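In what follows, chains are A, B, ... by sequence order, proteins preceding strands, each numbered from 1. Please read all numbers here as calculations on a predicted model, not as lab measurements.
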Amino acid sequence: MLLLAVDTATPAVTAALHDGTSVVAESSQVDARRHGELLLPAVDRVLSEAGVKLDAVTGIVVGVGPGPYTGLRVGLVTAATFGSVLGVPVHGLCTLDGLAYASGIEGPFVVATDARRKEVYWARYSDPRTRVSEPAVDRPADVATELPVVGAGAVLYPEAFPDGRGPEHVSAGALAGLAAERLAAGADFLPVTPLYLRRPDAQVPKNYKVVTPK
Amino acid sequence: MADEPLVLGIETSCDETGVGIVRGTTLLADAIASSVDTHARFGGVVPEIASRAHLEAMVPTIERALKEAGVKGSDLDGIAVTAGPGLAGALLVGVSAAKAYAYALNKPLYGVNHLASHICVDQLEHGPLPEPTMALLVSGGHSSLLLAPDITSDVRPLGATIDDAAGEAFDKIARVLQLGFPGGPVIDRLAKEGDPKAIAFPRGLTGSKDPAYDFSFSGLKTSVARWIEAKRAAGEEVPVRDVAASFQEAVVDVLTRKAVRACLDEGVDHLMIGGGVAANTRLRALAAERCEKAGIRLRVPRPGLCTDNGAMVAALGAEMVARNRPASDWELSADSSLPVTEPHVPGHTHDHVHDHDHVHEVSKDNLYS
Ligand SMILES: [Zn+2]
C-alpha cells in the first residue's frame, strides 16, 4: 500500500506519502493565500524524498473540508485528477477528523478550525478516531466549551475555547495514517466532494471580469 | 519538436468548464459544461457558483474530451490551461487540475492567456493566423483591439473599453427590457424583427478628438435605459424589437468602424473577431460588409468557438509547443488580472529555449511607437 494524501482545507498546504504502516515523507507549509501555487510542488517533494514516482501510488486520500472555499478546491481537484489519470481510488476524509486523529486526546474533545467571518468549523469527538457530531459552522460564542479544543479555532477564540490544544492545522501525514487504519478495517470514506457548509454568496460583483488592458 | 503537437486545453475563467483537444491547427474535441443556467436568476455570473460548478465538472469534462478525440492522455505533447485573466476562484480550479493532469502524465504544462486564446482559436477554423494579426475581442468581460505580431509572444493592446464590456451592455439592456440573462442571444434574435434606424442611440467615443481605438458603452446603456423609462412613464408600449435593433446597431457600428480603422491605420489587411459577442449575427454581417468595402479579409470563427471553450486554449497551447516556448512550472499561479501582453506564463526555473526568433518584417515598420 502506498497512499498519497493532500489537504488544502486549512491554511496549511500539506502532502504526505504513507506505506500503510507509517508516514514515508511529508511536506507542510502554512500560507492561506497560496494553496494553488504550493500544493503540486509539495507533492513533487514528498515523492522525490521517498524516491518514487506518482504511478507507484495505490490510493489518494484527500481532506474534503470543511474549509473556506477557494483553497479547499485545490486539494479536491488535484486528488480527483490524480485518481482519474492513475486509475486508483480517491478516499475522502473530513479534515477535522485528521486534526482529531493527530491530537491523540483520549476522552471527549472538540475540533475547531477557522471558518473566517468570525465563525469556526467544528465537530465533537469521543476519542481521536470517533466523531460524534456532524461538522458544522457557527460563531465561537454559540459553541463555547470547557472541553479541550484542537485546531486554529481555539487559538483564535480563547475566550470561547479556554482549553486549546495542538495541532493548529491538519497534516496530510495524520490524514494518511487515519486512512490507512480505515482501509485496513474496511471502513467507509466520504465522497470526494467539498464540505462547504455555507451557501455561495449569490452576488454578481459589479464589473465582474473586467480585465481589458489600459 | 512535433509540427502538429497534440495538446489538451482547459478553460475555467468564467462560467464554462471547457476542455478541448487539438492536433496542430486541427480540432479533435471540444467538451463543455456550462453553469450559465444557474447564474441566470442572478442576472450575471456569480463567482462562487461558477467555481463550485467547475470543480464538479472538471474531471468528467476531461474524460469526455479524451473520448471524443479518441486519444489517450499519454499521447499528448502538452497540457495548456487558462492562467488568466478571469475570475480568481474559477481559474484556480482549472489551473490546479491542469497541473495535476500534466504532472501525473509527465507532460509539459503551459499556462496561457485567455485573450490570446480567443484569437488563436481561429487557426482551428481558418488555418494559421497571418502575422501580424489584428483582432477585435468582444465579450461579457472584454472589448479590445489587439495587434499580435506573434500570438505566442507578442500581443499589443491598441485600445479597450474605458467602462463596460460590449457583452455587459447587452446583458444590462436585456435586464432593462426584462428579457433575462444572458442578453446577447435574445437581443440578437429580437433585433432581426426590429428597425435598427428607429431610434438614434449615441455612438460612444467616436468624436474627432476621442481616442481612436478605445470603446465606451456606458453612455449608450444609460441612454437606452432612459429612453425605455420615458416610454414607460408616458404609459406607452416599449417597441422592444426596435429598441433591441437600434441598441445593437449602435454597438456593432462602433466596434466595426474602429476595427476597420485600426486595420487601415496599421496596414493590416485582415481582421479577426473573437469572444462571445462575435457570435452576434449583426456584428458578423456588418463586419463582413465593411471589411469587404475596405479590402480587408475577415476571419470570424463559428459561434461555438467564439464563446469561451477549451479548444481555444488547446489551440494556443499547440502553438506554444510548436514554437518551442518554455513551459510553465509547477508553481504556476491563477492570475485574475494577467495582462494581455503576456500570452503565456513561462516558468522561472526552466532553461529558456533559444529557438529562432520569429521575425516579422511587416510588423517592424508599421507597428507603433
Ligand atoms: Zn472569453
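From A/Arg45, atom CZ reaches atom CH2 of B/Trp330 across 14.5 Å, with rounding to the nearest 0.5 Å. Note that CG of B/Leu105 and CG of A/Leu54 are 9.5 Å apart. Values are rounded to the nearest 0.5 Å. For the atom pair OG1 of A/Thr70 and CG of B/Leu91, the computed distance is 11.0 Å after rounding to the nearest 0.5 Å. Between the CG atom of A/Leu38 and the CD atom of B/Glu331 there is a distance of 8.0 Å, given to the nearest 0.5 Å. Here B/Met58 contributes atom CE and A/Thr78 contributes atom OG1; the two are 11.5 Å apart, rounded to the nearest 0.5 Å.
The minimum heavy-atom distance linking B/Tyr103 with A/Val43 is given by the pair CE2-CG1, 4.3 Å. Annotation for B/Ala104 and A/Val85: closest pair CB-CG1, 3.7 Å, computed over non-hydrogen atoms. Looking at every heavy atom in both residues, B/Ile49 comes nearest to A/Pro200 through CG1-CG, 3.7 Å. Between A/Gly36 and B/Leu92 the shortest heavy-atom distance is CA-CD1, 3.7 Å.
Contact of B/Ala334 with chain A is not made at all, since no heavy-atom distance falls under 4.5 Å. Only the side chain of A/Leu47 comes within contact range of chain B, judged by heavy atoms closer than 4.5 Å. Looking at A/Val74, the atoms closer than 4.5 Å to chain B (heavy atoms on both sides) sit in the backbone and in the side chain alike. For A/Asp44, the parts lying under 4.5 angstrom from a heavy atom of chain B are both the backbone and the side chain. Residue contact with chain A, scored on non-hydrogen atoms closer than 4.5 Å, involves the backbone and the side chain of B/Val93 alike. Heavy atoms closer than 4.5 Å to chain A are found nowhere in B/Glu56, neither backbone nor side chain.
Here B/Glu48 pairs with A/Arg73 in a salt bridge; the nearest charged N to carboxylate O distance falls below 4.0 Å.
Enclosure of atom CG in B/Asn106 is not indicated, since only 12 or fewer non-hydrogen atoms of other residues, nucleotides or ligands lie within 6.0 angstrom. For A/Arg124, the CZ atom is loosely surrounded, since the number of other residues' heavy atoms within 6.0 Å does not exceed 12.
Of the listed residues (A/Val192, A/Thr193, A/Val77), the greatest number of heavy-atom pairs within a distance under 4.5 Å of chain B belongs to A/Val77. Ranking B/Ser333, B/Ala98, B/Gly89 against chain A, the residue ahead of the rest is B/Ser333, based on heavy-atom pairs under 4.5 Å.
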